[in-house]
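A, B, ... follow the sequence lines: proteins, then strands. Residue 1 opens every chain. Keep in mind that the numbers below use all heavy atoms, side chains included, and drop hydrogens, waters and symmetry copies.
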Amino acid sequence: MYATVVIDIPDLKHQGFDYQIPEPYRSTIQVGSRVLVPLTNRLVQGYVVDIHETTEVGKIRPIHEVLDIIPSLSQEMIQLGKWMSEYYVSQLFRTYQILLPAALKTKMEEYIIIGNKELSDLTLIEIEIMDWIRPRQPVSIKKLLGSFPGNEKIIKELIQSGVLELQREFKDKTAKKKIPYLKSRLTLEQLLLEIAALPKQAIKQKMVLEYFISREIDEVSLSQLLSELKITRSTIQLLVKKGNFTIIEKEEYRDPYKDRVFQDKKITLTPMQDQVLRKIIDSMENQRTVPFLLHGITGSGKTEIYLSAIQHALEQGKDSILLVPEISLTPQMVERFKGRFGELVAVMHSRMSQGERYDEWRRIQKGNAKIVVGARSAIFAPFRNLGLIIIDEEHESSYKQEEHPKYHARDIAIWRAKYHHATLVLGSATPSMESYYQASKQNYQLLELPERVFGSQLPTVHIVDMREQLRMGNRSMFSQMLQEKIEEKLEKKEQIVLFLNRRGYSTFVMCRSCGYVMKCPHCDISLTYHHSDRSLRCHYCGYTEHQPKLCPECHSPYIRYFGTGTQKVEEELTKRFPGVRVIRMDVDTTSKKGAHERLLNVFKNEQADILLGTQMIAKGLDFPKVTLVGVISADSLLRLPDFRSAERTFQLLTQVSGRAGRHQLPGDVIIQTYDPEHYSIEHASHHDYNSFFRKELEQRNLLHYPPFTRMILIQFSHENLMLAMKAIERFARELKGMLKISAEVLGPVAAPIPKIKDRYRFQCVVKYNDEYFIVNKAIHRAIQVVNESIKDRKILIQVDVDPYMLL
DNA sequence: AGCACGCCGACT
DNA sequence: GTCGGCGTGCTC
């Protein structure tokens, strides 16, 4: 018997190697099992994708170990991985890895022990190394090298000669948390008899037996028993000694929401919500697979519909996935679902530990959880009987993975929904152009919720023309109106949210004498000034240098800071409104674990007046006291050289506006811009999605952009500029030759940021109308040609199907 | 990726 | 003459 095993070989075409299955493993191994297999002189992890009786491979080696009793990858996941790897042009192994929780990646640990060979003529340094190791062995190779820097070669030789021995071990990170339980072997009647037989003074033992009887249980966690009955282990020891009880180890799932109390609020749907729900339920019952696009304005009560639809799936005995953007996966959000469905809900997001995520994954795999609420990767939840997939805020960019394989959760959802005949619901207040276009072509069924549930008014949106402000002599970042409104709200003790999508202090730093702009030495991008530590930082690679006193070019002391970032706004606010309490939220203030929630809580408890932040504050926040939302500069979004910038501006402005006046208090929204007539700002101010959609669709059609034309972005990078150029030129030539009629190949050109982290970047864009598989095949082929003709392993090729941005 | 094999320069 | 540089190719 032989198994085809997919392993980590940096070859796009690698589909697995054949290994012989040793006798003892033949009954346990299955397609989807993780295995350890030999590869030249080491062991590597792999995934079994096929099992067969014969093989054509001459040199067959045996599988070293089967790591799973239950295969990690289901038949569905094996197929999904294959499809993804081809579709997204990514290594098969990497694709399988992202389908599984990170804890299942076995990591090889290497350590050193003293070997069984002895040499008499050791050099001084060798003796020193041996003496260092002897009391510490086994010692990790990293630690050893760290203690003897520069002696890599000597250590390698000692290993080669056998004086030292290199040991390798695979460490699973799946260590399950075990807790002791006391288990009874007796029936209820036997327990009663046992009580009668106990000597009078055995009060504690009697209590334990009664505990089992009164609860009609046969096992209980030891710690619970000890604390509830106020007894000690000695009582337990006596019971165990008599043979009727045993201590067993039981797996405990780490429940991150263990100590929270959740409320189950009764849901009554409005007639409109109910109508939408009926359609979804009807589709579920008839296993129809046309996806729904649920277009519901903010506050229209989409979540209630999700809850009810999931309830229905549950009643049908089916599993559900609810995807939400990472950022809106807040405790309040989780609470609602936990409150409604309790233990049946598994939660998955990036702030959980590897162990926690693995536990949730296993609860799903074992069928103990029927619902998953999670961010992007939760789309891979190992359900076997999916009935419903919901993607909330489907337009969000966070559903696109930016590392290989660069998948979109929406694509995966469509694939899985087809596989399971499950119903797919895409929900949004501002649907993506792609999805709304699909709905307009009847490929998706459109459902609409045009009204707010509580009938609360949408806020009044004021557009402020900043050019006019400038003409009036106002050169500050706050327009007169914004300033007045802030004062007004501060006086009324209401709260304010200010939005700016630039962190740092100023966006670029220039010498006024010679015009030199401070740039990152590793990336072709200007550095941002951070006032807190007076540093210049690169937002792409993290490079940091101290604020220069003199221009590095001409040594002039006249250095100016241009542009506005969140730090500068914060400074201005405290200057202009003395005593104001400002919370700044951006990558710089929320990088620490829990900081995000902590800051929001401060604002929620009204210990601050103004919440100032970047994108991250735009979503899902709901504070009743917020009555003013200000967008400092809508232009910074609009001016990005990207085909989606208008769409993103509209979505963001709509979303930000939704933050104001969600409850009784009426809300104001102020949008500051130098381009007040722009259609995305205009339509957002009137909460008019349909007009925006029509206008933007026209533009996209005109310029041959999605959703009419589909695109693929291919980037090559290399530390050597000439080599990178040569490679992509070869690639483009090959591709153009193959795709003369079915697609248009643009470029190659330097990438919008031509150098990141010391690598030169070039790109091609392929535009086509349909028949992706032809384009896909051509790309695979062209990459192969480049790899065969230019043999340089450091060429990095990245393929992005349906890129979110062209940057 | 990791590793071996193998063909060229600079050293004991 | 050998040691070791890293270019090339393979791993079931």
Side-chain angles (χ1 to χ4, degrees), chain A residues 1-23 25-26 29 31 33-67 78 82 85 90-98 102 105-112 121 123 140-142 145 150-162 164-171 403-405 717-720 722-724 726-727 730 759 783-798:
Chain A
M1 260 170 104
Y2 304 96
T4 304
V5 180
V6 171
I7 55 178
D8 190 8
I9 279 177
D11 174 1
L12 210 51
K13 299 199 307 293
H14 173 76
Q15 299 282 313
F17 285 159
D18 281 0
Y19 285 89
Q20 190 252 114
I21 306 169
E23 186 54 53
Y25 287 131
R26 292 195 184 176
I29 197 167
V31 168
S33 299
R34 290 175 310 138
V35 290
L36 243 39
V37 291
L39 187 65
T40 52
N41 56 354
R42 73 213 135 104
L43 290 174
V44 294
Q45 201 201 146
Y47 300 103
V48 176
V49 291
D50 194 22
I51 292 173
H52 35 90
E53 289 300 326
T54 57
T55 183
E56 265 125 63
V57 178
K59 190 190 156 203
I60 283 276
R61 298 176 75 185
I63 283 173
H64 180 264
E65 194 186 341
V66 177
L67 298 167
I78 296 282
K82 278 212 174 107
S85 132
S90 172
Q91 268 167 256
L92 190 52
F93 182 83
R94 285 186 84 161
T95 309
Y96 283 134
Q97 275 198 318
I98 66 136
K105 283 182 214 162
T106 50
K107 220 180 103 198
M108 194 167 51
E109 308 241 308
E110 291 186 315
Y111 50 90
I112 299 282
D121 53 345
T123 62
S140 80
I141 196 155
K142 247 192 181 158
L145 289 174
N151 290 306
E152 219 167 305
K153 244 175 268 161
I154 295 170
I155 292 164
K156 244 187 191 161
E157 277 164 16
L158 288 171
I159 294 166
Q160 214 103 67
S161 64
L164 291 179
E165 205 177 309
L166 179 65
Q167 302 248 324
R168 294 200 242 237
E169 202 179 294
F170 278 86
K171 279 259 162 69
E403 290 88 50
H404 270 135
S717 71
H718 196 280
E719 53 201 16
N720 180 319
M722 291 312 288
L723 239 155
K726 202 176 131 202
R730 185 73 218 268
R759 298 179 67 90
I783 289 174
Q784 197 185 333
V785 169
V786 173
N787 282 339
E788 277 166 11
S789 63
I790 304 169
K791 306 229 178 260
D792 190 317
R793 302 130 91 94
K794 286 187 237 145
I795 297 176
L796 204 74
I797 304 173
Q798 303 221 9

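What separates NE2 of A:His14 from P of C:dC10 is a distance of 16 Å, to the nearest Å. A:Leu43 has its CG atom 12 Å from the P atom of B:dC3, to the nearest Å. We find that CG of A:Leu39 is positioned 12 Å from P of B:dA4, with the value rounded to whole Å. The distance from atom CG of A:Asp792 to atom C1' of C:dG9 is 14 Å, rounded to the nearest whole Å. Atom pair A:Asp8:CG and B:dG2:P shows a separation of 9 Å (rounding to whole Å applied). Nucleotide C:dT11 holds its P atom 11 Å from the CZ atom of A:Arg61, rounded to whole Å. Distance A:Gln20 CD to C:dC12 P: 14 Å, rounded to the nearest Å. Put simply, NZ on A:Lys59 is 12 Å from C1' on B:dA4, counting in whole angstrom units.
Side-chain atoms of A:Arg793 come within donor-acceptor range of the base of B:dG2, with a qualifying N/O pair under 3.5 Å.
Side-chain atoms of A:Arg61 come within 3.5 Å of backbone N or O of A:Thr40 as a donor-acceptor pair. Judged by distance alone, the side chain of A:Ser85 and the main-chain N or O of A:Ser90 form a donor-acceptor pair under 3.5 Å.
Ring-centre distance between A:Tyr2 and A:Tyr19: not below the 6.0 Å cut-off.
With B:dA1, C:dC12, B:dA4 as the choices, the nucleotide that has an atom nearest any side-chain atom of A:Asn41 turns out to be B:dA4.
By the neighbour-count criterion of 12 heavy atoms within 6.0 Å, atom NE2 of A:His14 is densely surrounded, having more than that number from other residues, nucleotides or ligands.
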